[in-house]
> 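My structure is below; once you've seen it, I'll send some questions.
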Amino acid sequence: MESVDGAVRTLPSIGRLSRGLLFGGVHGRVGLSPSSRLLPPAPPSQENVDSQKTTFLLRKQWTLYSVTPLYRFSDTHLKDYARLLSAFIAAEKQKGLAVEIGVELGIKVAISSLPDLRGSDRDQAAILVQLSSRSPASPKNSEEKVIWSGWFCSVSGDDFSENVPEDFTCLPLFLANGAESYTSIVGSWFQKTFDCCFRRLAISPLNLSWMAAMWTGCKVDKTASAMELVFSVPHLPQPLDISYAIHPEDAKALWDTVQKTPGEITQEEVDVFMDCLYSHFHRHFKIRLSATKLVKVSTAIASAHCDGIIKFLQSQYLTGVLMLLTELAISQIQ
């Protein structure tokens with residue numbers, strides 16, 4: 001199987017030109033937010049909350065990518081895709097030597113559907129890709145260990161998909177957990193096979209502040225952990241971060257005084273919420289956080305880093321968090 005050029009293999013910030021980049025109008029500059037957003041929906045029934053199909057996604061560190069529409073992708077051919085990807089991985093490991101499809105390759109590839117991870121019936125079901133391997137020292141009948149996972153999804157991204165031709169499948173958000181070398185190889189195969197383009201998805205300080213406000217307003221049954229905001233101080237010889245922890249009940253009480261419309265959040269409310277936190281910090285420590293850069297937000301719902309790293313902590317709010325991430329991924333594509 002033909003190897004892919006190094007620029008694509010490393011999944012650069014700007015990949016090769018893809019058909020997907022031609023679709024859609026300007027949705028807004030990356031990093032800017034709309035004037036209002038819907039808050040994550042209330043937790044569904046307990047059966048869905050405890051779904052074993054998605055709990056394995058929790059408490060893992062996922063790296064975010066945006067992906068242009070996949071050309072001639074079909075969820076009815078997932079087993080075939082798994083065989084082809086397995087052969088491609090083996091060929092890459094052997095520096096481009098052809099490998100017969102279907103033989104034991106050392107790494108097992110599984111591609112499956114996660115229909116629960118979508119915002120509506122109009123969204124494409126999420127696609128999970130897992131690489132597993134068994135140690136040479138392990139018995140032949142021992143279980144294989146998952147060494148890398150990645151998944152494509154679109155949660156409430158149907159407005160974007162409606163403007164895309166039928167031959168294209170919209171799964172604009174991709175999340176990866178595992179060695180970057182496998183992310184690079186898997187991404188290269190998808191780019192080559194479905195004429196799409198991967199791009200790392202960073203999260204701006206503005207959108208991190210939205211996450212802080214949105215997740216503070218979510219109800220959590222169990223004892224919630226503190227909300228933590230991490231700020232980076234610019235223009236210093238040595239890196240310096242400031243960690244600001246707020247008791248969850250205090251943060252929720254503040255948010256309740258700020259929010260005006262149930263189920264909706266506005267830019268003005270986010271600004272007021274953050275300004276109140278900044279004023280409190282300045283009153284106690286005489287440090288103006290407005291002069292720093294917000295780089296990380298941690299709450300009981302999820303944690304997010306500006307480098308595009310996310311960790312989900314509550315299964316009942318998983319689709320709500322993915323809704324915002326899908327929006328950010330689409331804004332980077334258009």
Side-chain angles (χ1 to χ4, degrees), residues 11 39-41 43 48-67 114 116-117 119 126-131 145-155 172-180 182-183 186 198 200-232 241-248 251-252 293-329 332:
L11 302 183
L39 285 167
N48 290 333
V49 171
D50 296 333
S51 173
Q52 294 299 313
K53 296 179 180 179
T54 56
T55 51
F56 74 95
L57 304 175
L58 303 180
R59 290 174 287 279
K60 290 185 176 72
Q61 185 168 285
W62 298 97
T63 302
L64 305 176
Y65 294 83
S66 63
V67 187
L114 293 173
D116 292 341
L117 289 182
I127 300 296
L128 172 68
V129 183
Q130 289 185 310
L131 308 185
K145 179 182 178 181
V146 175
I147 58 174
W148 182 92
S149 298
W151 43 296
F152 299 84
C153 73
S154 176
V155 177
L173 180 64
F174 180 73
L175 305 92
N177 170 261
E180 288 187 11
Y182 286 121
T183 303
V186 172
F198 285 68
R200 276 295 299 269
L201 180 61
I203 305 175
S204 70
L206 179 60
N207 279 311
L208 284 175
S209 65
W210 273 84
M211 292 174 178
M214 294 175 82
W215 299 343
T216 296
C218 296
K219 295 181 180 179
V220 181
D221 295 334
K222 299 179 181 178
T223 303
S225 56
M227 180 176 79
E228 182 183 13
L229 307 177
V230 178
F231 299 85
S232 176
D241 288 345
I242 298 174
S243 177
Y244 183 7
I246 304 102
H247 192 281
K252 181 67 165 62
K293 177 185 177 183
L294 180 59
V295 296
K296 185 179 180 181
V297 170
S298 297
T299 71
I301 304 301
S303 67
H305 192 279
C306 63
D307 289 340
I309 305 295
I310 194 88
K311 185 180 290 187
F312 307 102
L313 302 175
Q314 296 286 336
S315 60
Q316 64 264 47
Y317 286 108
L318 184 58
T319 55
V321 177
L322 289 172
M323 186 185 304
L324 175 55
L325 296 178
T326 299
E327 177 193 321
L328 300 183
Q332 181 164 279

> For residues R200 and Q332, report the shortest heavy-atom separation together with the two atoms involved.
O-NE2, 3.2 Å
> Check M323, M214, K219 against Y317 for a side-chain contact (heavy atoms from CB on, under 4.5 Å) and give me the one that passes.
K219
> Would one find more than 12 heavy atoms of other residues, nucleotides or ligands at under 6.0 Å from atom NZ of K60?
yes
> What distance separates L324 CG from T319 OG1, expressed to the nearest 0.5 Å?
12.5 Å
> Nearest 0.5 Å please: distance from the NZ atom of K296 over to the OG atom of S232.
13.5 Å
> Between N177 and W62, is there a donor-acceptor pair closer than 3.5 Å when you use the side chain of the first and the backbone of the second?
no
> Would you mind reporting whether V297 and I203 have side-chain heavy atoms less than 4.5 Å apart?
no
> What is the distance from atom CD1 of I310 to atom OG of S303, rounded to the nearest 0.5 Å?
6.5 Å
> Do W148 and V129 pass the side-chain contact (heavy atoms from CB on, under 4.5 Å) test, and can you show the C-alpha distance, the side-chain angles, and the key distance before you say yes or no?
CA-CA 8 Å; W148 182 92; V129 183; 3.9 Å; yes
> Using side-chain contact (heavy atoms from CB on, under 4.5 Å), reason through L325 and M211 one step at a time and then give a plain yes or no.
CA-CA 10 Å; L325 296 178; M211 292 174 178; 3.9 Å; yes
> Please report the shortest heavy-atom distance between P172 and A329, naming the atom on each side.
O-CB, 3.4 Å
> Using the test ring-ring contact (aromatic ring centres under 6.0 Å, His included), find all partners of Y244 that sit at least two apart in sequence or belong to another chain.
F281
> Apply the test side-chain contact (heavy atoms from CB on, under 4.5 Å) to residues F198 and T183: give CA-CA distance (whole Å), side-chain angles for both, the deciding distance (0.1 Å), then the verdict.
CA-CA 11 Å; F198 285 68; T183 303; over 6 Å; no
> Can you name the nearest heavy-atom pair linking S66 to L201, along with the distance?
N-CB, 4.1 Å
> Quick one: CG on L175 to SG on C153, what's the gap to the nearest 0.5 Å?
5.5 Å
> Are L208 and L229 close enough that some pair of their side-chain heavy atoms sits under 4.5 Å apart?
no
> Taking the side chain as everything from C-beta on, heavy atoms only, tell me whether S315 gets closer than 4.5 Å to L58.
yes
> Quick check: closest heavy atoms across M227 and A251, and the distance to 0.1 Å?
CE-CB, 4.3 Å
> Please evaluate residues L128 and F56 with respect to the criterion side-chain contact (heavy atoms from CB on, under 4.5 Å), reporting the C-alpha separation (whole Å), side-chain torsions for both, the decisive distance (0.1 Å), and the verdict.
CA-CA 12 Å; L128 172 68; F56 74 95; 3.6 Å; yes
> Quick one: CD1 on I246 to OG1 on T216, what's the gap to the nearest 0.5 Å?
7.5 Å
> Can you tell me how far the CG atom of L294 sits from the CZ atom of F231, to the nearest 0.5 Å?
5.0 Å
> Are L64 and L328 packed together at the side-chain level, in the sense that at least one heavy-atom pair is separated by less than 4.5 angstrom?
no
> Ignoring hydrogens, what is the shortest heavy-atom contact between K252 and G217? Give both atom names and the distance.
CE-O, 3.7 Å
